[in-house]
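Below: one structure, written as C-alpha cells.
Being a predicted model, the structure only gives us computed values, none of them experimental. First listed ligand is number 1; within each ligand, the first listed atom is number 1.
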Amino acid sequence: MDTTPRRVEHQQTDRGYVPVYATGTVEQPWASYSSTDHEVWDTLYRRQKALLPAYACKEFLEGVERFGFGEGGIPRFDDLNEVLGKATGWKIVAVEGLLPDEVFFDHLANRRFPVSWWIRKPDQLDYLSEPDLFHDLFGHVPLLLNPVFADYMQAYGKGGMKAHAIGPEALMNLTRLYWYTVEFGLIRTDEGLRIYGAGIVSSKGESIYSIDSTAPNRIGFNLERVMNTKYRIDTFQQTYFVIDDFEQLFDATGPDFTPIYAKLATGEATSAAEVLDTDKVYQRGTREGFATSGDN
Ligand code: PHE
Ligand code: CO
C-alpha cells in the first residue's frame, strides 16, 4: 500500500502554508502497517509514558490508561471506539491528514475526531511539520474521555462553522483559541502547572520545556486575550495560557463570539512573546533563546 498521504492542494492558513489532503475518511489500514511503523509507536509511547506522570494533567493520564495504550504497536481505531463511544459518544475516524477547515469543524460538531492513519518515520521522532497518528491519537484522544472537554471540542466545531461563515479574521481568532488550549494548553493543579495540550503531550522536548523552562511566559487564561494573540509554528511556544479547570474553558467559551470577533477586528493583535499589564502572570518568561525576528 502507498504510505505517502495523497496531497491534493495547498492552502494558506494562520499556521502557514500547509498541504491539504483528501477530505474523505478512510478505513484504518491496520494490516498494512510495517514493523517499523509499530516500533515508532512503541518508542514514542514508551518515552511519553515514562515522562508524563510528572508533567501531564491527571485527566490525560487517566485517559491513556482507560484506552489501554501500550507498547503493543499501533492501536486499532475500532477497539478504541468501543471505549470512546461508551464514555462520551465520540468516535475516531481515519483520515489522510490535515483537512480543510469546514470539513474539520463538521467532524468535531458531530463528535468525530479525525486521526491521520499514517505514522512518522524513525528519523522524525522529535519533530515533524504535520500531524501524524501519534500526535492525533496519543495527543488528542485521551481527553475525549473527559465529559467536559468532550463537550468543549464539539462546541468548538460548531463555533468553527459560525466563524467560517463570518470571515477569515473571525476564523483566525478562533484558530488561536484552539492553538492555545487544545494544542498548547496548561492547567493549574494541586501538584503545580500541568499539560493538557495535545501538541505538548505528543512532544518529548516541549513537554519538558513547557513546564520546566524559565524562557516562556505562563499566563492565566482569558478568552479575548487568547483569541487576540498570534502564535509561532516553528518554535516551542513563547507563551502558554493556563486554565483553572475544564469547566472554566467550557463556561468562558459558552457565550456568542460574534461581538468578540467584531471588537477584535478593530484592534491590533498581541505578539506571541508579549506580556500585558492586564495579564495574570504565573511566570514572566526570560525569553532566553527566543527568535528575535519572524511573524510573532
Ligand atoms: N460560543 C462560541 C461562538 O459563539 C462557540 C465556541 C464554543 C467556540 C466553544 C469555541 C469553543 O462562536
Ligand atoms: Co493537533
Side-chain angles (χ1 to χ4, degrees), residues 13-16 18 20-21 44 48 60 90 92-93 95-99 101-120 127-144 146-167 169-185 195-203 206-207 210 221-228 231 233 237 241 243 246-265:
T13 74
D14 199 32
R15 292 157 294 205
V18 298
V20 173
Y21 298 112
L44 289 168
Q48 293 310 89
F60 176 85
W90 274 78
I92 300 165
V93 291
V95 295
E96 296 285 346
L98 288 172
L99 299 171
D101 289 322
E102 316 94 273
V103 178
F104 179 64
F105 296 143
D106 182 65
H107 282 306
L108 297 187
N110 291 287
R111 290 174 103 85
R112 294 186 303 264
F113 193 80
V115 173
S116 301
W117 66 263
W118 55 276
I119 196 159
R120 69 193 73 182
Y127 183 77
L128 82 170
S129 59
E130 45 189 300
D132 73 333
L133 180 145
F134 188 76
H135 168 80
D136 288 338
L137 183 55
F138 183 86
H140 285 280
V141 175
L143 276 185
L144 294 176
N146 178 273
V148 179
F149 192 83
D151 288 350
Y152 172 68
M153 289 293 280
Q154 179 178 27
Y156 183 91
K158 292 181 184 170
M161 310 234 212
K162 199 167 81 182
H164 187 262
I166 294 173
E169 291 200 347
L171 200 54
M172 187 172 296
N173 295 146
L174 191 72
T175 301
R176 291 176 183 147
L177 173 66
Y178 191 89
W179 186 265
Y180 282 118
T181 62
V182 176
E183 294 291 355
F184 293 98
I195 306 159
Y196 71 93
I200 315 180
V201 288
S202 58
S203 157
E206 192 151 3
S207 291
S210 69
F221 177 83
N222 173 286
L223 182 69
E224 286 186 28
R225 165 71 158 98
V226 168
M227 288 172 67
N228 201 36
Y231 57 83
I233 62 161
Q237 298 308 301
F241 290 98
I243 60 171
F246 295 123
E247 282 80 7
Q248 179 197 21
L249 193 55
F250 186 78
D251 293 347
T253 52
D256 182 7
F257 284 5
T258 310
I260 303 177
Y261 295 139
K263 179 180 159 193
L264 296 181

T258 and ligand 1 - part of the residue with a heavy-atom distance under 4.0 Å: neither

Donor-acceptor pair between T181 and Y156 side chains, under 3.5 angstrom: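 No donor-acceptor contact under 3.5 Å links the two side chains.
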
Numbering as shown, the atoms of ligand 1 that approach [X] to under 4.0 Å (heavy-atom distance):
X	answer
L177	10 (C)
L174	8 (C), 10 (C)
G254	1 (N)
Y152	11 (C)
P255	1 (N), 2 (C), 3 (C), 4 (O)
D256	4 (O)

Got the closest protein heavy atom to [atom], with its distance?
atom	answer
atom 5 (C) of ligand 1	G159 CA, 3.7 Å
atom 8 (C) of ligand 1	F257 CE2, 3.4 Å
atom 7 (C) of ligand 1	T253 O, 3.3 Å

Metal-centred angle, the Co ion (ligand 2) as apex - OE2 of E183, NE2 of H135, 10° resolution: 130°

Sub-3.5 Å N/O-N/O distance, [X] and ligand 1:
X	value
K162	yes
Y156	no
A155	no

If you compare all heavy atoms of [X] against all heavy atoms of [Y], which two are closest, and at what distance to 0.1 Å?
X	Y	answer
N110	D106	ND2-O, 2.8 Å
S207	V201	OG-CA, 3.9 Å
Q248	F221	NE2-O, 4.0 Å
L98	P131	CD2-CG, 3.6 Å

Aromatic centroids of [Y] and [X] separated by under 6.0 Å:
X	Y	answer
H140	F113	yes
F60	F138	yes
F184	Y231	no

Residues in ring pair (Phe, Tyr, Trp, His ring centres under 6.0 Å) contact with H107, at least two apart in sequence or another chain: none

